[in-house]
Amino acid sequence: MKVDNILSALEAKHPGEHEYLQAVREVLTSIEDVYNQHPEFEKHRIIERLVEPDRIFTFRVTWVDDKGNIQVNLGYRVQFNNAIGPYKGGLRFHSSVSLSTLKFLGFEQTFKNALTTLPMGGGKGGSDFSPRGKSSTEVMRFCQAFMLELWRNIGPDTDVPAGDVGVGAREVGYLYGMYKKLARENTGTFTGKGLEYGGSLVRPEATGYGALYFVEEMFKVRGTDLKGKTVAISGFGNVAWGAALKATELGAKVVTISGPDGYIFDPDGISGEKIDYMLELRGSGEDIVAPYAEKYPNAIFHRGKKPWMEKVDIALPCAIQNEMNKEDADRLIENGVICVAEVSNMGCTTDATDAFVEKQILYAPGKAVNAGGVATSGLEMSQNAMHIQWSAEEVDQRLHSIMCSIHEQCIRFGKEKDGYINYVKGANVAGFMKVARAMIAQGVI
Ligand code: GLU
């Protein structure tokens with residue numbers, strides 16, 4: 001395989017899909033050596049098959065806003081790869097969503113889900129609709145209109161959506177409610193559901209908890225732990241919240257969170273009731289995190305800035321793709337950062353990632369670090385299929401052992417001769433090998 005040849009063919013076919021091409025380039029670059037050692041992969045044209053989604057649904061979503069005006073949005077579901085299980089992955093509702101965004105997310109999801117040890121393929125969907133600033137009835141009407149199109153293409157053993165940016169418990173409730181009405185079945189074709197109707201304990205916390213379990217393992221490799229370490233977190237939503245909770249529990253001190261308006265630096269640490277307060281920031285209009293500094297006067301709000309300016313031991317991007325660039329990476333490195341773990345999907349630009357790896361920082365990519373979210377979704381699917389509910393301890397313990405296993409896979413495939421663990425390579429190769437072998441075993445389909 002020549003990565004450049006494959007990529008230029010892909011660029012010609014999908015011009016302008018920058019995020020998708022970025023995600024493919026990152027994976028292909030890190031698996032190239034292993035791929036070339038296995039002639040069977042080339043023979044079966046695994047790469048050419050793996051980089052294109054199995055199919056994509058695109059549809060118009062028409063709904064009526066509170067003023068009686070008709071609104072039109074775009075809806076998508078990318079069923080990327082089901083070699084190892086039903087398509088699985090979230091829905092993103094955000095004004096920036098394009099097909100390129102969802103193709104990159106679906107591609108990443110395929111490898112991430114493979115790493116979880118659970119039988120789940122990769123998929124992703126969403127819309128350019130943004131719930132921010134909409135009333136709950138508008139969100140409900142949008143979700144219902146969205147599901148009217150999507151419902152025929154999903155099912156408990158076909159394709160199981162969940163939340164992502166802009167799709168939380170409220171949206172999942174409306175989406176699943178409409179799905180159930182149309183499909184007339186209650187098999188849990190959605191994860192992240194409310195606890196009253198088939199959801200799993202620990203799912204809301206799972207992405208953040210899983211990320212910190214992974215970071216804990218990364219520190220263990222260097223013979224240390226998180227006690228007393230300072231942590232910069234970006235974002236303010238569900239993922240940032242779960243990460244702040246677990247980081248604090250493990251003895252670290254979280255000093256930042258951020259929103260579209262800027263970031264908060266709290267020298268006293270964001271812990272206890274301040275973490276609960278994060279949940280209130282979500283509904284508070286244009287200024288998302290700014291009100292934090294009014295409530296806690298020791299904290300400083302930096303308008304329009306990113307938290308990566310701060311000197312911290314650990315940086316956890318928890319917001320959106322490419323939120324950390326080379327300049328941010330260089331500053332963090334200069335300031336002595338020990339560990340950077342992507343909790344958002346593709347949170348770092350390629351040159352930022354390269355900078356961390358080159359400087360041998362403890363650095364791990366989103367598909368490994370944030371896999372605890374979808375892994376716990378997988379556990380929700382198991383509970384639904386068995387018609388039971390596990391205790392929080394049971395789910396948490398399974399989540400913990402899955403994260404340890406992902407970490408082991410990264411070491412197995414990513415340990416370099418000098419002992420440095422290249423988690424990017426480790427995660428990509430481990431995920432790829434599993435999907436590739438499953439594809440070969442199932443023939444040309
Ligand atoms: N959106 C999350 C992710 O990026 C969770 C997906 C799921 O639970 O299916 O992995």
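Starting from 1, each residue takes its place in the sequence as its number. In what follows, every heavy atom counts, from backbone to side chain, and hydrogens, waters and symmetry copies are set aside. For ligands, and for the atoms within them, numbers begin at 1 and follow the listed sequence.
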Report yes if some N/O of V160 lies less than 3.5 Å from some N/O of ligand 1; otherwise report no. no
Min over M120, R203, E380, K112 of heavy-atom distance to atom 4 (O) of ligand 1 lands on K112
Exercise for review: May I ask whether K124 places a heavy atom under 4.0 Å from ligand 1?
Suggested key: yes
A162 heavy atoms within 4.0 Å reach ligand 1 at atoms 7 (C), 8 (O), 9 (O)
**Item:** Contact check, G163 vs ligand 1, heavy-atom distance below 4.0 Å
**Value:** yes
Check: K88 N/O within less than 3.5 Å of ligand 1 N/O = yes
Parallel under 30°, tilted from 30 to 60°, perpendicular over 60°: which one fits the rings of F432 and Y35? tilted
Atom 1 (N) of ligand 1 has as its nearest protein heavy atom D164 OD1, 2.7 Å
When rounded to the nearest 0.5 Å, the distance separating CD of E323 from NZ of K306 is 8.0 Å
Next on the checklist: Tell me whether S234 contacts the main-chain N or O of C318 through its side chain, where contact means a donor paired with an acceptor under 3.5 Å.
Outcome noted: yes
Counting heavy atoms under 4.0 Å, the part of L105 that contacts ligand 1 is neither
Atoms of ligand 1 under 4.0 Å from any heavy atom of G89, numbered from 1 in the order shown, are 9 (O)
Using distance alone, with no hydrogens and no angle criterion, decide if W308 and N325 have a side-chain donor and acceptor under 3.5 Å apart. no
closest protein heavy atom to atom 8 (O) of ligand 1 is S377 OG, 2.5 Å
Quick one about T101 and S98 (side-chain donor to acceptor, distance below 3.5 Å, no hydrogens or angles considered), yes or no? yes
Item checked: Donor on one side chain, acceptor on other, N422 and K415, under 3.5 Å -> no
Going by the 4.0 angstrom heavy-atom rule, the piece of Q109 near ligand 1 is side chain
protein heavy-atom neighbour closest to atom 6 (C) of ligand 1 works out as G90 N, 3.6 Å
Notebook entry, point to check: Are a donor atom and an acceptor atom from the side chains of R203 and T191 found within less than 3.5 Å of each other?
Noted result: no
Take the angle between the ring planes of F142 and F129 and call it parallel below 30°, perpendicular above 60°, tilted in between.
parallel
